[in-house]
There are 2 protein chains.
Amino acid sequence: MTASATQTAPRKRAGNGAAPHDVADEIGLDALVGHAGYAVRRFQIWIFQDFIKTLGAVDIRPTQYSVLTLIGANPGLSQMAVAKRLGIERARLVHLLDSLEQRNYVKRVKSKVDRRSHALHLTTQGETALAKFKRLAAEHERHVEEKIGKENRAQLLRILAGFT
Amino acid sequence: MTASATQTAPRKRAGNGAAPHDVADEIGLDALVGHAGYAVRRFQIWIFQDFIKTLGAVDIRPTQYSVLTLIGANPGLSQMAVAKRLGIERARLVHLLDSLEQRNYVKRVKSKVDRRSHALHLTTQGETALAKFKRLAAEHERHVEEKIGKENRAQLLRILAGFT
DNA sequence: GACAATTGTTGTCGTCAACAACAATCTTTC
DNA sequence: GAAAGATTGTTGTTGACGACAACAATTGTC
């Protein structure tokens, strides 16, 4: 609507700019504000970047962390079960486990009840490593609290609990 | 902590499973629940899939929609300004605009004040198309409300307003 | 035992973020 | 005003990731 105002874009507000703002900061988003997906996407990028940075010293990415945590809490799971639970393609999990097995965090044990599947376990090294990862992940979670507030983080988790 | 309880994982509760549950539904996530990033990631995947499906008939993806909306609200922006505002790599925006220009939604006009940059505008076709996209996007937004609740969606937008 | 379904694997395709390099152009500095 | 540096758009590469399709081995079903 109002397709006439083509050239008169509200680029800057009146020239009382005291702070040295970046030009891009003042561009209106119009209909984009009010879209949940856009806000969630931007937030998700921020949160993942902080996670990757906080766990950068141990070189663990969010997906790897979720796999290790799940196996640590439920030893013996099959790859299919892990993939389903985390919403990962089982094809993709293969590569993830290849990497984690190479780093000696996880081992694939041939299941005896179903010789098609592998029972997934953490190695001893994997368990001690995961303990360290969890400490770093808790630190990351504190960053989130600092960013959006403790209350808001709790509400967020409550609202999105159905997706975990 | 408690690194001893390795094999005794709480896999299934007592075998009173009446409903035909999927096996993967009952796997505990342990520390993963309580991680904001995990919940946000899962939600973001869901919301994008619904967006892509709802706008499937017009073949518009979330990023394309955000670019069109931003240009529609701020005609004449440079590619750099759009990229910064949306948090997109300017290298990536090049391909996005190539596609949108091919479909005759956007045109790159050589700027006369800065001959390096392009002023981005919607074509007439692009404006009418965007109006349709916005209607479909509103429908998608209703899906979000149905999924998490009207109140929760509003709270989500409030909490994440800083990231838009 | 024949046939369908499942599991892990390999491969391809397309999206996306992150870099790096480059030519053209603008801005700053001397 | 010329040289040096920064910016803009572009091209290319890399790697993570989701989605699909095919396959062998194995299991389940009829």
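A quick note: this is a predicted structure, and the numbers were derived from the prediction, not measured. Just so we're on the same page: letters track the sequence lines, and every chain starts at 1.
- In this structure, CG in Leu160(A) is found 11.5 Å from CD in Gln44(B), a value given to the nearest 0.5 Å.
- Closest to the Val94(B) side chain, of the nucleotides dT10(D), dT10(C), dT8(D), is dT10(D).
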Quiz item: Should Leu120(B) and Arg108(B) be marked as a side-chain contact (heavy atoms from CB on, under 4.5 Å) after you check the CA-CA gap, both sets of side-chain angles, and the distance that decides it?
Solution: CA-CA 5 Å; Leu120(B) 300 175; Arg108(B) 290 187 245 223; 3.7 Å; yes
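- At a threshold of 4.5 Å between side-chain heavy atoms, the hydrophobic network of Ile, Leu, Val, Met, Phe, Trp and Tyr places Val144(B) and Ile60(B) in two separate groups.
- The residue from Trp46(A), Phe48(A), Tyr65(A), Phe51(A) that alone fulfils the ring-ring contact (aromatic ring centres under 6.0 Å, His included) condition with His140(A) is Phe51(A).
- As a whole-Å value, the separation of His95(B) NE2 from dT10(D) P is 10 Å.
- dT8(D) atom P lies 16 Å from atom CZ of Arg108(B), rounded to whole Å.
- With ring centers used as reference points, Phe43(B) lies 6.0 Å or more from Phe43(A).
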Enumerate the protein-to-nucleotides 20-30 of chain D contacts in which both atoms are nitrogen or oxygen and the separation is below 3.5 Å.
from    : atom 1 : to        : atom 2 : distance (Å)
dT27(D) : OP1    : Arg115(A) : N      : 3.1

Tabulated below should be each protein N or O lying under 3.5 Å from an N or O of nucleotides 2-4 of chain C; please produce it.
none

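- Atom NZ in Lys110(B) sits roughly 14 Å away from atom P in dG9(D) (whole-Å rounding).
- With no hydrogens or angles considered, no side-chain donor-acceptor pair links Gln155(A) and Arg158(A) at under 3.5 Å.
- To the nearest angstrom, C1' of dG18(D) lies 18 Å from CZ of Phe43(B).
- Judged by distance alone, the side chain of Arg42(B) and the main-chain N or O of Ala161(A) form no donor-acceptor pair under 3.5 Å.
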Self-check item: Stepwise side-chain contact (heavy atoms from CB on, under 4.5 Å) check, Leu96(A) with Gln64(A)
Solution: CA-CA 7 Å; Leu96(A) 282 168; Gln64(A) 297 174 314; 4.1 Å; yes
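- No contact: Leu93(A) has no heavy atom under 4.0 Å from any strand.
- Ranked by how close their nearest DNA chain D nucleotide is to the 5' end, Arg41(B) and Asp98(B) are led by Asp98(B).
- If you measure from atom CG of Leu77(B) to atom P of dT8(D), you get 13 Å, rounded to the nearest angstrom.
- Of all the heavy atoms in Asp59(A) and Arg103(A), the pair that sits closest is O-NH1, 3.0 Å.
- When atom types are taken as modelled, the side chain of Gln79(A) and the backbone of Arg90(A) share no donor-acceptor pair closer than 3.5 angstrom.
- Counting only heavy atoms from C-beta on, Ser78(B) has its side chain closest to dG9(D) among dT11(D), dT10(D), dG9(D).
- The distance from atom CZ of Arg42(A) to atom C1' of dC16(C) is 14 Å, rounded to the nearest whole Å.
- Using a 4.0 Å cutoff on non-hydrogen atoms, no part of residues 56-64 of chain A comes near DNA chain C.
- In this structure, Gln79(B) atom CD and dT25(C) atom P are separated by 15 Å, rounded to whole Å.
- Comparing Leu97(B) and Phe48(A), the nucleotide of DNA chain D nearest to each residue sits closer to the 5' end for Leu97(B).
- Across all their heavy atoms, Ser66(A) and Leu86(A) have their closest contact at OG-CD1, 3.6 Å.
- Considering all non-hydrogen atoms of both residues, Asn104(B) and Thr123(B) come closest at O-OG1, 2.6 Å.
- The phosphate of dG18(D) (OP1 or OP2) has no side-chain N or O of Gln49(B) nearer than 4.0 angstrom.
- If you measure from atom CG of Leu86(A) to atom C1' of dA16(D), you get 16 Å, rounded to the nearest angstrom.
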